[in-house]
Amino acid sequence: VTGYKKLEPEFYDDLEAVLIQADVGVHTAMDLVEKIRCKAEKDKLETPDKVKELLKEEIAKILGEDTVPLNIPSESPAVYLVVGVNGVGKTTTIGKLAYKLKLEGKKILLVAGDTFRAAAIDQLEIWANRVGVEMLKHQEGSDPAAVAYDGIQAAKARCTDVVIIDTAGRLHNKSNLMEEIKKVRRVIERELPGAPHEVLLVLDATTGQNAIAQANLFKEATGVTSIAITKLDGTAKGGVIIGICSQLDIPVKFIGIGEKIDDLKEFEPHDFVEALFA
Amino acid sequence: SLADKLQETFKKLRGKGKLSENDVNEAMREVRVALLEADVNFKVVKDFISRVKERAVGVEVMESLTPAQQVIKIVNEELTNLMGGVQSKINFSSRPPTIIMLVGLQGAGKTTTCGKLANLLRKQGKRPLLVAGDIYRPAAIKQLQVLGQQLNIPVFSMGNQKSPVDIVQASVEHAKNFGNDTIIVDTAGRLHINEELMGELISIKDRVKPHEILLVVDAMTGQDVVNVAESFHSKLGIDGLVLTKLDGDTRGGAALSVKAVTGCPIKFAGMGEKLDALEPFYPERMASRILG
Ligand SMILES: Nc1nc2c(ncn2[C@@H]2O[C@H](COP(=O)(O)OP(=O)(O)OP(=O)(O)O)[C@@H](O)[C@H]2O)c(=O)[nH]1
Ligand SMILES: Nc1nc2c(ncn2[C@@H]2O[C@H](COP(=O)(O)OP(=O)(O)OP(=O)(O)O)[C@@H](O)[C@H]2O)c(=O)[nH]1
Ligand SMILES: [Mg+2]
Ligand SMILES: [Mg+2]
């Protein structure tokens with residue numbers, strides 16, 4: 001979309017192409033460009049640059065103008081449940097988040113709620129040690145709802161500020177696995193009124209339109225209060241969150257930009273939009 | 001579905017006879033949207049549509065089909081042709097051990113696929129050795145060892161203080177001494193744009209000359225899959241691909257994209273988390289899945 005001196009149909013086609021290639025999705029991209037084209041006509045915008053700025057503002061509006069902080073209840077502990085499909089970066093994101101919250105002076109308890117995958121508990125334990133926080137675990141193969149239950153009891157007893165519960169990756173079209181995570185959520189609610197204070201859905205920036213189905217089904221099953229989008233240090237743009245934000249109104253709160261402990265940033269809508277067009 | 005949309009499209013146009021350029025253009029608009037919704041790469045869609053257009057204009061609609069069905073038939077055939085036949089064979093070396101190396105982005109399913117592949121090859125009469133080449137990810141070695149235990153297949157590891165190049169080289173000696181005819185190397189997830197880590201794979205390749213390098217790709221990957229596949233293929237060279245998490249409900253357009261840009265066959269499909277969930281990749285099934 002560079003090199004256009006004046007507004008012509010090809011310019012709008014190119015805008016659409018940029019959005020589609022950023023995983024915004026063909027329908028969302030067409031709707032956005034059409035909206036901008038009409039507005040540009042109505043406001044008598046003359047140059048491609050002005051139209052591009054208009055598009056960026058429109059997207060930033062959808063994503064929410066500002067950074068949204070994590071929910072912190074008036075009474076500790078805050079309980080954060082982390083969910084998502086396989087391999088997106090849940091466990092790693094929990095490690096990074098624990099580090100961030102520890103720097104803020106919070107007392108943290110990690111809960112090894114993935115009792116299924118090989119070495120999942122070991123993986124979270126290494127993160128807990130790196131950050132210097134406690135972790136609660138059961139035997140491999142135990143009921144994740146039981147681990148969550150124990151985690152809440154332990155947090156209450158130890159005056160923990162934040163409990164972060166890791167869960168096994170699960171594809172949203174597996175009804176038995178979605179039933180399992182619903183049960184985990186019910187147990188949390190029952191043991192601590194108001195909890196979970198965040199259900200953080202982790203999405204992988206390399207995922208295409210299937211991310212929308214993921215967001216829909218997890219929202220249906222456990223409710224989703226926030227999104228973290230990982231692996232933005234790659235070449236994928238994560239444009240699918242535009243459709244998710246506009247359809248489901250869930251704020252993106254974090255982005256993952258690497259595999260190290262401090263590679264978690266708060267989501268900044270304007271930075272994200274700039275990167276979309278970079 | 002695309003079939004329904006095309007039926008609608010052709011309702012407003014002419015009936016049977018030959019598919020005119022107008023008819024085909026209308027239909028291609030619907031096909032393009034369907035492919036993009038399915039995550040097929042934008043540029044791959046453009047090329048694909050122009051090929052189908054060429055094939056479809058002037059075609060006589062068959063007696064037993066509606067114009068919409070005729071177009072779908074052409075699209076399906078073109079998709080299936082593009083994705084090649086079933087090619088689920090590993091190229092075994094005439095001088096064992098055969099070395100298979102799995103590479104790909106973070107979280108794609110490499111470690112799990114290593115376990116599945118070892119399981120499959122053992123059922124085919126091979127004596128596989130799993131090699132713990134990921135020295136970075138927390139508990140990666142343990143993860144592979146647990147899979148090896150579950151399968152009763154040996155895992156070669158030198159801990160996480162030796163370089164992957166040294167580990168893989170040592171595993172070849174180990175395989176020769178212990179009678180393993182196939183080595184399956186798990187590597188750390190990495191970005192195609194990470195010079196250092198791509199360099200590490202190139203060093204492993206130079207040192208041990210793997211017979212098969214398989215790129216493991218998550219089936220729900222979107223537009224960016226072409227950058228990843230192109231990059232791995234041009235920098236390292238890949239012999240085939242494994243598409244994982246096909247037990248999800250993603251349309252899987254990534255399958256068409258990677259084949260179009262690398263020309264390499266997708267050899268296997270990951271169909272679940274269990275270690276028996278690895279199947280040959282079937283292009284015609286994938287074609288109809290993509291079309292939706
Ligand atoms: N480059 C990059 N890699 C990441 C990021 N976040 C996570 N990863 C990597 O992605 C891979 C998977 O991360 P995990 O934390 O195990 O993902 P998960 O969702 O817990 O996986 P399952 O529990 O198996 O479903 C690991 O290799 C991580 O290091 C990120 O922001 N950038
Ligand atoms: N449903 C499903 N899950 C899969 C499949 N293949 C792998 N997984 C899951 O995907 C997640 C990631 O798998 P891993 O094998 O750890 O991925 P990896 O590529 O080795 O990850 P890194 O080493 O961090 O790059 C795990 O939760 C696996 O159980 C599959 O075909 N279907
Ligand atoms: Mg995990
Ligand atoms: Mg791995």
Side-chain angles (χ1 to χ4, degrees), chain A residues 16-27 29-30 85-92 95 116-127 129-130 140 168-174 177 204-211 213-214 217 230-231 233-240 256 258-259, chain B residues 32-43 45-46 105-112 115 136-150 188-194 217-228 231 244-245 247-254 272-273:
Chain A
E16 207 175 271
V18 167
L19 293 178
I20 292 173
Q21 292 178 89
D23 285 318
V24 171
V26 57
H27 297 289
M30 294 193 326
V85 304
N86 308 68
V88 295
K90 298 177 292 301
T91 306
T92 307
F116 169 74
R117 207 210 66 214
I121 299 173
D122 300 81
Q123 183 187 5
L124 187 66
E125 195 148 37
I126 292 173
W127 276 107
N129 292 332
R130 274 184 189 174
E140 263 199 34
R170 69 203 63 231
L171 293 181
H172 51 288
N173 58 320
K174 307 258 164 121
L177 298 182
D204 185 326
T206 66
T207 303
Q209 297 310 299
N210 193 250
Q214 294 173 25
L217 285 172
T230 61
K231 310 180 196 172
D233 46 317
T235 49
K237 304 279 184 168
V240 70
E259 303 188 71
Chain B
R32 175 179 176 268
V33 168
L35 294 176
L36 289 173
E37 284 173 335
D39 289 324
V40 181
N41 179 268
F42 185 83
K43 299 206 172 98
V45 171
K46 205 156 183 257
L105 295 183
Q106 292 89 347
K110 298 174 294 300
T111 305
T112 309
Y136 309 106
R137 169 174 153 153
I141 296 175
K142 175 103 197 279
Q143 185 184 0
L144 194 66
Q145 287 171 332
V146 170
L147 298 186
Q149 276 164 17
Q150 289 173 357
R190 69 203 63 217
L191 296 178
H192 50 298
I193 54 173
N194 185 319
V217 172
D218 190 324
M220 55 181 121
T221 310
Q223 296 289 310
D224 193 53
V225 78
V226 296
N227 297 327
V228 179
S231 209
T244 61
K245 307 176 204 172
D247 47 319
D249 60 6
T250 185
R251 295 262 291 273
E273 294 192 73

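Hydrogens, waters and symmetry mates play no part in the numbers below; they use all other heavy atoms, side chains included. Letters A, B, ... mirror the listed sequences (proteins, then strands); counts begin at 1.
Of the atoms belonging to A:E259, it is side-chain heavy atoms, and not backbone ones, that fall under 4.5 Å from chain B. For B:L144, no part sits under 4.5 Å from any heavy atom of chain A, backbone or side chain. Within the 4.5 angstrom heavy-atom criterion, only side-chain atoms of B:E273, from C-beta onward, approach chain A. Contacts between B:N194 and chain A at a heavy-atom distance below 4.5 Å are absent for every atom of the residue. Proximity to chain B is limited to the side chain of A:K174, based on heavy atoms less than 4.5 angstrom apart. When heavy atoms are compared at a cutoff of 4.5 Å, B:D249 approaches chain A by way of both its backbone and its side chain. For A:V88, no part lies under 4.5 angstrom from a heavy atom of chain B. Heavy atoms closer than 4.5 Å to chain A are found in the side chain of B:R137, but not in its backbone.
Side-chain N or O atoms of A:K231 include one that pairs as donor or acceptor with a backbone N or O of B:Q106 at under 3.5 Å. Checked by atom type and distance alone, the side chain of B:K110 pairs as donor or acceptor with a backbone atom of B:L105 at under 3.5 Å. Of the possible polar contacts, one joining the A:T207 side chain to the A:D204 backbone as a donor-acceptor pair under 3.5 Å is found. No donor-acceptor pair closer than 3.5 Å links the side chain of B:D218 to the backbone N or O of A:N86. Within the 3.5 Å criterion, the main-chain N or O of B:G272 finds no donor-acceptor partner in the side chain of B:K245. Under the 3.5 Å distance criterion, the side-chain polar atoms of A:R170 are matched with a main-chain donor or acceptor of A:L177. Formation of a donor-acceptor pair under 3.5 Å by the A:K90 side chain with backbone atoms of A:V85 is found in this model. B:R251 contributes no side-chain N or O that, together with a main-chain N or O of B:M220, makes up a donor-acceptor pair within less than 3.5 Å.
Comparing A:Q21, A:E125, A:R130 by heavy-atom pairs within less than 4.5 Å of chain B, the highest count is held by A:Q21. With respect to chain A, the highest number of heavy-atom pairs below 4.5 Å among B:G109, B:A140, B:G222 belongs to B:G222. The residue among A:T230, A:D23, A:I126 with the most heavy atom pairs within less than 4.5 Å of chain B is A:D23.
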